[in-house]
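Shown next, in structure tokens, is the structure this report addresses.
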2 protein chains.
Amino acid sequence: MYGQFCPVSKAMEVLDERWTMLVLREMLLGSTRFNDLRRGVPRMSPSLLSKRLRTLERAGVVRREGSGVRTSYHLTEAGKELGPIVDALAVWGMRWLPDLGDEDLDPHLLFWDIRRTLPAENWPQGRTTVAFELADVPVKVGRWWLVVTRGEVDVCDYDPGFEVDARVLTTLRTLTHVWRSDISWEKALLKGDLTIEAPRDVRRGLPGWIGYSAIAELAS
Amino acid sequence: MYGQFCPVSKAMEVLDERWTMLVLREMLLGSTRFNDLRRGVPRMSPSLLSKRLRTLERAGVVRREGSGVRTSYHLTEAGKELGPIVDALAVWGMRWLPDLGDEDLDPHLLFWDIRRTLPAENWPQGRTTVAFELADVPVKVGRWWLVVTRGEVDVCDYDPGFEVDARVLTTLRTLTHVWRSDISWEKALLKGDLTIEAPRDVRRGLPGWIGYSAIAELAS
DNA sequence: CTGTATCCATGGCGATACTG
DNA sequence: CAGTATCGCCATGGATACAG
């Protein structure tokens, strides 16, 4: 491929293909099923994902388990040792490439990430429903509901019908930057880029309950 | 590009293009001039190198200094902070992808790397000339001379005419693996994959004088 | 020496549809 | 649910020649 003996070039032969690092990020975050992986890289075609998984398997980074139905994909030891590298890339990207284009904003991806990372154990007993209204995207993709019940998190893009405990009024852009912790909840609230409509205790508690993305925690 | 807010994807938009990581490796090893960079990535076309340098400049990773003649390229702070990531990729590649195809072996690249890394200060006073004969490649690219004089290292692919202090008989493959420290000098000598013809003291000293590649040292 | 311009082929990849 | 098949485009990047 590169025609070099340097281990960096050998590593990049495996890792520098388009999407590969993002698939590995998904696996490092715990996804093992084909369709779970797809949710993490929705713009990647399924055939390409399939191809990448095979390439990674041949390279000894991924192991496929169970053929046919209920196939799952797991990182080998070699794959797991990419964890610190992916983390370092995330920290570097946070630090040096903080600007997001409109193309980088995707509510499905954002709430999919929130859903899997959210520390449900911090939430109040019983059921809590939070409605999000994002002003900078079409209504069709701008209304989301977060339902947290007994340590379980659900996200809907339709009204689940529960009584809403809090409404978050903001933009997709602001919510994304807050989630990444490019700006804090406090600052976004102060600037008026984000409003929480709820009883005082919920309004106070919500930022802490939602928190920040897993990757944001790395940088701190 | 990827349409994701995740900093890993933002980082990879810059870093996952073909050759980019290898150019950064060269810069991290100290190259600043266009043609020095080329020597480190000889299979990369100059127009592509030019393009990559501009992309990296736009991304804030590289800074161009002096236009026209005597241009040089330098890593910005962001670029320097990629150092640990490139190192980690090298360590990972050494550990998990130790196999080299014939395509990965390149005597020009090997001796260019030896030349710049070799710890000349360990060598004897005066001039030392070492001749290499690589049996597994055409004679035309299989004979090399290493001349170390007062802390200066020269490599020739033609006989410089000096008296030869040592002859190293081996293959390109073995010498590459030794340089990478996939196998030690001792083991290669023991297996007979590499022979040093020289007076006893030189024969004993040479492995230590040449040593191993900079990247090999990372893994230890 | 330090690049740039141009050309062209290839195959990577996106889109879509379809199957066990 | 878990992929595979097919198709077609266009951009990547390799090669070469040339310019300041």
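These values consider heavy atoms only, across backbone and side chains, with no hydrogens, waters or symmetry-generated copies. Here is the naming used below: chain letters follow the sequence lines, and residue numbers restart at 1 for every chain.
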Nearest-0.5 Å distance, CG of residue B:Leu29 to CG of residue B:Leu37:
10.5 Å
Strictly below 4.0 Å: does A:Lys51 bring a side-chain N or O up to OP1 or OP2 of D:dT4?
no
Of the nucleotides D:dT4, C:dT2, C:dC13, which one has an atom closest to the side chain of A:Arg52?
C:dC13
Is A:Arg18 touching bases, backbone alone, or none of the nucleic acid, heavy atoms closer than 4.0 Å?
sugar-phosphate
Would you kindly give the CG-to-C1' distance between B:Leu49 and C:dG3, to the nearest whole Å?
9 Å
What integer distance in Å separates A:Trp19:CH2 from C:dG12:C1'?
14 Å
Quick one: label B:Arg38 by what it contacts on the DNA or RNA (base, sugar-phosphate, nothing), any heavy atom closer than 4.0 Å.
nothing
Between B:Arg63 and B:Glu57, does any NZ, NE, NH1 or NH2 come within less than 4.0 Å of an OD or OE carboxylate oxygen?
no
OP1, OP2 of D:dG3 versus side-chain N and O of A:Tyr73: anything below 4.0 Å?
yes
Atom CD of B:Glu65 and atom P of C:dG3: how far apart are they, to the nearest Å?
13 Å
When rounded to whole Å, the CZ to P distance for the pair B:Arg43 and D:dT12 reads 22 Å
Can you name the one residue among B:Tyr158, B:Phe111, B:Phe132 that meets ring-ring contact (aromatic ring centres under 6.0 Å, His included) with B:Trp144?
B:Phe111
Separation of atom CG in B:Asp16 from atom C1' in D:dT12, rounded to whole Å
13 Å
A:Arg70 CZ to D:dG3 C1', straight-line distance once rounded to whole Å:
14 Å
Short question: side chain of A:Asp136, backbone of A:Arg173 - any donor-acceptor pair under 3.5 Å?
yes
Are the ring centres of B:Phe162 and B:Trp145 closer than 6.0 Å?
no
B:Thr71 side-chain proximity, nearest of D:dA15, C:dT2, D:dG3:
C:dT2
Among the nucleotides D:dG3, C:dG3, D:dT6, which one has an atom lying closest to any side-chain atom of A:Ser47?
D:dT6
Measure the distance from CD on B:Glu17 to C1' on D:dT12 and round it to the nearest whole Å.
9 Å
State which of D:dG14, D:dT12, D:dT4 makes the closest approach to the side chain of B:Ser45.
D:dG14
Nearest-angstrom distance from the residue atom CG of A:Leu48 to C1' of C:dA15
12 Å
Proximity to the side chain of B:Asn35 - top-ranked nucleotide from D:dG14, C:dT2, D:dG13:
C:dT2
